[in-house]
Number of protein chains: 2
Amino acid sequence: MSSGHRTDSPCSAVSTLQVLSGKWKWLILYHLFQHPSLRFSELMRMIPGITQRVLTKQLRELEDEGIVQRTVYPEVPPRVEYAITPYGQSLRPILDLMHAWGLEHLRRKAERAQQEPQR
Amino acid sequence: MSSGHRTDSPCSAVSTLQVLSGKWKWLILYHLFQHPSLRFSELMRMIPGITQRVLTKQLRELEDEGIVQRTVYPEVPPRVEYAITPYGQSLRPILDLMHAWGLEHLRRKAERAQQEPQR
DNA sequence: CAGTATCCATCTTGATACTG
DNA sequence: CAGTATCAAGATGGATACTG
């Protein structure tokens, strides 16, 4: 950063986008950021519409990136908890910024839609 | 932000992700952030691998979101220039953060890969 | 030059059923 | 409970050819 730009390959942000790419990933992170840890079934309930298959897949991807920690408790019935890793916490500023920007953006779109109701 | 979280619907960041979703969008923005304006063909040249169809589509999407301004000069041969709008500039802090985070992330992955060469 | 039009390949997501 | 397996649907991107 500092003096500006062009310090290296232009593609570094792409990997960030990739980490966050996945229809439900931000929602998953959102909930995990608000709770120390959550069980698989709790996430299912908090994210209406997601299927087991997809929730599993996206959690595994986040785990592979080191963003989320998966802990299996060898009990019967099985219990698995997910939590943000310390490293995952470093994403927080970005997600906060995106949240704020997204809010503004939605507001803007709503205004535009009002200005030209029929098109 | 201020006190923390849960101010509203959890989905505001999703729209940000959506604006940036598209395989080449970040690259397009990256180049447009570095130049006051660029022609279609210049972007094509700066982004090896992209096709006309896809470049057109992603530019239109960015235009629809108000991020990019498209200006047609009625000349022969036709000239079309693209530039970041003032509104689009507001994305800059996010993209800078993502750039920095992405760099760190890639570094981390490289280290991990070294630690466990075979898997 | 700056696109469109078509068609195809791929990748991601979803529906549903089954299991340690 | 927390998944996996299988199959189908949808969205996204790519190749190629053509045009105002």
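Worth saying up front: this structure is predicted, and the values here are computed from it rather than measured. Convention: sequence-line order gives letters A, B, ...; per-chain numbering from 1.
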### Query
Considering only side-chain heavy atoms of A:Q52, which listed nucleotide, D:dC1, C:dG3, D:dG3, is closest?
D:dG3

#### Entry: Under 3.5 Å on both distances, the Watson-Crick or G-U partner of D:dC7
C:dG14

### Task
Could you state the atom-to-atom distance from OH of A:Y82 to C1' of D:dC1 in whole Å?
11 Å

### Sugar-phosphate only, base, or nothing, as touched by A:E75 at under 4.0 Å among non-hydrogen atoms
nothing

### Query
In whole Å, what is the span from the CZ atom of A:R45 to the P atom of D:dG3?
14 Å

### Task
To the nearest Å, give me how far apart CE (A:M44) and P (D:dG3) are.
11 Å

### Query
Can you tell me the Watson-Crick or wobble partner of C:dC8, both distances under 3.5 angstrom?
D:dG13

#### Entry: Under-4.0 Å side-chain N/O to phosphate OP1/OP2 contact, B:R60 with C:dT4
yes

### Task
Check whether any side-chain nitrogen or oxygen of B:K57 sits under 4.0 Å from OP1 or OP2 of D:dG14, and answer yes or no.
no

### Query
Has the side chain of A:T85 got a donor or acceptor atom that lies under 3.5 Å from a matching backbone atom of A:G66?
yes

### Message
Can you tell me which nucleotide in D:dA2, C:dT13, D:dG14 comes closest to the side chain of A:V54?
### Response
C:dT13

### Donor-acceptor under 3.5 Å (A:T16 side chain, B:M98 main chain)
yes

### Task
Identify which nucleotide among C:dT13, D:dG13, D:dC1 has an atom closest to any side-chain atom of A:P78, counting heavy atoms from C-beta outward.
D:dC1

### Query
What integer distance in Å separates B:L59:CG from C:dA2:C1'?
11 Å

### Interatomic distance where CG belongs to B:L55 and P belongs to D:dT12 [whole Å]
17 Å

### Message
Tell me whether A:R39 forms a cation-pi arrangement with A:Y82, defined as NZ or CZ under 6.0 Å from the six-membered ring centre and within 45 degrees of its axis.
### Response
no

### Query
Separation of B:I47 atom CD1 from D:dG14 atom P, in whole Å?
11 Å

## Note on the structure
When rounded to whole Å, the CZ to P distance for the pair B:R70 and C:dC1 reads 16 Å

### Task
Classify the nucleic acid contact of B:Y73 as base, sugar-phosphate or nothing, counting any heavy atom under 4.0 Å across all strands shown.
nothing

### Message
Angle between ring planes, B:W26 versus B:H99, binned at 30° and 60°: parallel, tilted or perpendicular?
### Response
tilted

### Task
Please assess A:E65 against B:K109 for the test salt bridge (Lys or Arg N to Asp or Glu O under 4.0 Å), listing each intermediate value before the final yes or no.
CA-CA 8 Å; A:E65 302 288 1; B:K109 278 185 113 162; 3.4 Å; yes

## Note on the structure
Closest of D:dT4, C:dC1, D:dA2 to the A:V80 side chain is D:dA2

### Query
Below 4.0 angstrom from OP1 or OP2 of D:dG3, is there any side-chain N or O of A:T56?
no

### Message
Angle between ring planes, A:Y87 versus B:H105, binned at 30° and 60°: parallel, tilted or perpendicular?
### Response
parallel

### Query
Once you round it to whole Å, what is the distance between C1' of C:dA2 and CG of B:L38?
15 Å

### Query
Counting only distance, no hydrogens or angles, is the base of C:dT13 paired donor-acceptor with the side chain of A:R53 under 3.5 Å?
yes

### Query
When all nucleic acid strands are considered with a 4.0 Å heavy-atom cut-off, which category describes B:E61: base, sugar-phosphate, or nothing?
nothing

### Query
Where each residue is assigned the nucleotide of DNA chain C containing its nearest heavy atom, which of B:P77 and A:T51 is assigned the position nearer the 5′ end?
B:P77

